[in-house]
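Read through the structure below, which is laid out as structure tokens, and then see the notes.
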Amino acid sequence: MLHDERKKEAEYQDTDFTKAIRADLKAYNELLARTFIDVPDQVETFIQRPIKSGPRQGELNRVPICGWDHHVRRIFNRSDWRSGGRFYGGWWQSVGSEFRKRIHLDDEPTVEVDYQALHVAILAAEKGVDLSGDPYELPEGLVTGLDAPSQRKLVKSLVLMALNARDRGTACKAFRQDAPVGSEEKSMTNKELLRVLDAFSEKHPFLADGLCSDQGIRLMNIDSRIASRVINYLTKRQIPVLCVHDSFLINYRHANMLKTVMRGACLFEVGRQVALSNNYQGLDEMERDSPELVADYIEFRHRDRCSEYRIRQRLFGERVSYLRSLGLGG
């Protein structure tokens, strides 16, 4: 889907590029359509999450989950196939990382793997620099009243806002708009926030010209190309993977394969490796590295299946079987 500057659908002429990405999306959506994506101990088919921005910021919003509509699409921006291009539509993108840990694919646990500071790492790679350590860690006490973890969270949020902003004032305004209602961050002045941005630029001088220069939309295009390579590789092998822009969920039997594919996709598109998170090992990695702990690992990842989940699982299986009988389910 192509959007114009007003974020409205734009007309376009078909090309080899649009035909190729449409075919890739069709194959991916067909695989998702026959994959049971659910949470074993989830009774309701919705959760409530606070609205992050806008006039209703802070209010609870009901997010539908565990449904059968797994269709995703790619959205390009500014009437330009080189802007944006990320994958959107999956309910797993709207539930938060803690909830995603509970998601199962075809009744088996998942592992989520993400690139660390991907957009910052891409900008560094373009300058011929390999990032080392956590780029969002700045000297403690830079922001009065915040401990190190809270300060790091603030730095990360502000830097990401700055990557998407056209100027420094816009970055500060966007940061305050996104901050939780009643938080100290909500009332921080431009002067306080710019001191943080300047400290970040001082630590990473090669990134300074990437901040507040409207880089976000271009960087999203790069991460969408990386994601497309990961998704296409696994889809061709009939292994479902859920994309959350710069992270992916996969059945825990295929965690090592996912990490290998992510490294390769990033190397192809960026020309350099980007560090991956390793919050959880997959079952395949556990079997390889610590076989004596496999039973404990499986028990640790086990979740009780509630009756509502079992009903959804049965109905989903019947639906997929019916569609296949009509030649529609792949």
Side-chain angles (χ1 to χ4, degrees), residues 1 25-54 56-75 86-114 178 180 223-224 227 230-231 234-235 238-255 258 277 279-280 282-283 300-323 328-330:
M1 185 179 297
L25 268 176
K26 181 174 183 293
Y28 180 46
N29 279 315
E30 287 176 350
L31 177 58
L32 292 181
R34 56 181 182 267
T35 302
F36 183 54
I37 307 170
D38 210 301
V39 179
D41 54 358
Q42 180 69 24
V43 175
E44 303 287 354
T45 56
F46 66 88
I47 61 172
Q48 290 186 317
R49 283 175 55 80
I51 298 173
K52 288 187 175 182
S53 59
R56 297 178 56 205
Q57 186 182 37
E59 295 182 21
L60 291 178
N61 182 45
R62 181 175 287 194
V63 180
I65 60 172
C66 304
W68 293 352
D69 184 6
H70 302 155
H71 184 84
V72 302
R73 63 194 186 280
R74 293 183 71 178
I75 297 179
R86 282 180 161 184
F87 293 78
Y88 293 95
W91 59 262
W92 48 88
Q93 296 179 335
S94 304
V95 298
S97 58
E98 285 303 310
F99 188 89
R100 282 198 298 272
K101 293 177 182 177
R102 299 163 53 198
I103 292 176
H104 282 40
L105 295 178
D106 288 331
D107 202 33
E108 289 201 314
T110 57
V111 170
E112 182 169 5
V113 184
D114 70 297
D178 192 62
D223 74 41
S224 80
V230 173
I231 289 170
L234 294 166
T235 297
Q238 296 299 291
I239 300 173
V241 61
L242 309 183
C243 175
V244 194
H245 306 319
D246 61 353
S247 74
F248 302 87
L249 277 79
I250 200 167
N251 183 300
Y252 73 164
R253 297 178 185 275
H254 304 300
L258 172 62
S277 73
N279 297 328
Y280 284 110
L283 180 60
F300 167 69
R301 298 304 308 277
H302 175 78
R303 287 188 179 275
D304 292 331
R305 273 70 171 160
C306 66
S307 58
E308 290 82 0
Y309 172 85
R310 290 299 190 192
I311 291 171
R312 295 194 297 267
Q313 184 181 27
R314 175 177 58 80
L315 293 175
F316 182 84
E318 291 174 355
R319 176 176 178 269
V320 170
S321 295
Y322 175 68
L323 291 175
L328 301 175

side-chain hydrogen bond (donor to acceptor under 3.5 Å, both in side chains) between Gln238 and Arg34, intermediate numbers included:
CA-CA 11 Å; Gln238 296 299 291; Arg34 56 181 182 267; 2.5 Å; yes

Quick check: do [X] and [Y] have side-chain heavy atoms less than 4.5 Å from each other?
X: Arg305; Y: Asp107; value: yes
X: Arg314; Y: Arg310; value: no
X: Phe248; Y: Leu234; value: no
X: Leu283; Y: Arg253; value: yes
X: Leu242; Y: Arg100; value: no
X: Val111; Y: Arg301; value: yes

Would you find a donor on one side and an acceptor on the other, under 3.5 Å apart, between the side chain of [X] and the backbone of [Y]?
X: Gln313; Y: Asp38; result: no
X: His104; Y: Arg102; result: yes
X: Thr110; Y: Ile103; result: yes

Shortest non-hydrogen contact from Val241 toward Leu32:
O-CD2, 4.2 Å

Ion pair check, Arg312 and Glu308, cut-off under 4.0 Å
no

OH/Tyr309 to CD/Gln42 distance, rounded to the nearest 0.5 angstrom?
12.0 Å

